[in-house]
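Throughout, residue positions are numbered sequentially from 1 according to the sequence presented.
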Amino acid sequence: MSIPSFGLGTFRLTGQAVIDSVKSALALGYRAIDTAQIYGNEADVGQAIAESGVARDELFITTKIWVDNYAADKLVASLRDSLAKLRTDYVDLLLIHWPAPGNGVELAEYMEALLEAKKLGMTRQIGVSNFNIELTKQAIAVVGKEQIATNQIELSPYLQGSKLTAFLKEQGISITSYMTLAYGKVLKDPVLAEIAAKHKATVAQVALAWAMQLGYAVIPSSTKPENLASNLLARSLRLDEQDMARIATLERNGREVSPDGLAPIWD
């Protein structure tokens, strides 16, 4: 099974905002939805999906286990609760949200519990999020690289993660890019604006197309139907070698998300 290259993110969206976003996206043709236990919106996402009328087997739903639920005796139970909120018998992809070193649960324990959830049919695929190279190696040692469908990591034109992405490609582990627009910071970039003008595209479309051309899946979010529709057009935008080379020069290690106690030592 593969990871869809384009999906809808729901980080920071709750209540009616996320319901409207998901319903608008599904009406526009989105079929992959990304949520997480800590977002507090799984029930809203489940409601939006139910009201959309889109068949479950047409959808690709991702959720992420929160750090409080990593222990072997909690992970599956917490997933059962997530499935009830999402109104589904299974998710397509289940991720460990943050490595959270030192939180009292060893990596081997939660990776084995994640694999157990897959064996129970509660998720079709498993993976990780925000893992560096060393932690990804440790996860591979526990469950095997063939079991790790993706590492969902922050990537944008300002944070290109060349060492980590090269390692993941070497291992055959798919890469999912979140925060691809760097909280909107890249939208004001003059280089990206020039490339966008050249292609009669938006800067957001250029950033998303850049990530997809590098082989990454993307999960941008928006509450505005017009932006949801516009972002979707990034799938048909082809950047040339010169465009990609210019974007490569924008690297500035511009990380937006690195919570204390949850994040690893970044590569």
Query raised in the report: Angle class for the His97/Trp66 ring planes (parallel below 30°, perpendicular above 60°, tilted otherwise)?
Result: perpendicular

Report task. Using a cut-off of 6.0 Å, state whether more than 12 heavy atoms not belonging to Glu58 lie near its atom CD. Result -> yes

Query raised in the report: Are there more than 12 heavy atoms of other residues, nucleotides or ligands under 6.0 Å from atom NZ of Lys163?
Result: no

Query raised in the report: Can any side-chain N or O of Asn231 pair as donor or acceptor with the backbone N or O of Leu228 at less than 3.5 Å?
Result: no

Requested in this report: Using atom types as modelled and distance alone, determine if a side-chain donor or acceptor of Arg246 lies under 3.5 Å from a backbone N or O of Thr249.
Outcome: no

Query raised in the report: According to the interplanar angle, ranging from 0 to 90°, do the rings of Tyr110 and Tyr70 count as parallel (below 30°), tilted (30 to 60°) or perpendicular (above 60°)?
Result: tilted

Query raised in the report: Does one hydrophobic cluster hold both Met212 and Phe60, with members joined at side-chain heavy-atom distances below 4.5 Å?
Result: no

Query - Distance (rounded to the nearest 0.5 Å) between Ile153 CD1 and Phe131 CZ - result: 12.0 Å

Requested in this report: Go through the steps for Asn130 and Trp266 under the test side chain to side chain contact (heavy atoms under 4.5 Å, CB included), then give the verdict.
Outcome: CA-CA 9 Å; Asn130 301 300; Trp266 301 108; 4.1 Å; yes

Report task. Flag the pair Val105 / Lys74 as yes when at least one side-chain heavy-atom distance between them is below 4.5 Å, and no otherwise. Result -> no

Query raised in the report: Should the heavy atoms of other residues, nucleotides or ligands under 6.0 Å from CD of Glu106 be counted, would the total exceed 12?
Result: no

Query raised in the report: Can you hop from Val18 to Leu26 via hydrophobic side chains spaced under 4.5 Å?
Result: yes

**Report entry** Verdict with supporting geometry, Ile33 and Val22, side chain to side chain contact (heavy atoms under 4.5 Å, CB included)
**Finding:** CA-CA 8 Å; Ile33 311 289; Val22 171; 4.2 Å; yes

Query raised in the report: Among the clusters formed by ILVMFWY side chains lying less than 4.5 Å apart, do Leu8 and Leu86 turn up in the same one?
Result: yes

Report task. With side chain to side chain contact (heavy atoms under 4.5 Å, CB included) as the test, would you mind laying out the steps for Leu93 and Ile126 before giving the verdict? Result -> CA-CA 5 Å; Leu93 178 61; Ile126 61 173; 5.7 Å; no

Query - Short N-O contact, Lys23 and Asp44, less than 4.0 angstrom - result: no

Query raised in the report: How about Lys198: does its NZ atom have over 12 heavy atoms from other parts shown lying under 6.0 Å from it?
Result: yes

Query raised in the report: What's the verdict on side chain to side chain contact (heavy atoms under 4.5 Å, CB included) for Ile38 and Lys64, showing C-alpha distance, side-chain angles and the deciding distance?
Result: CA-CA 8 Å; Ile38 196 63; Lys64 310 176 198 80; over 6 Å; no

Report summary line: Partner of Arg56 under side chain to side chain contact (heavy atoms under 4.5 Å, CB included), picked from Thr88, Asp89, Ile49, is Thr88

**Report entry** Test item: Ser129 side-chain N/O and Gln152 main-chain N/O as donor-acceptor pair under 3.5 Å
**Finding:** yes

Query - Side chain to side chain, Thr223 and Asp20, heavy atoms closer than 4.5 Å - result: no

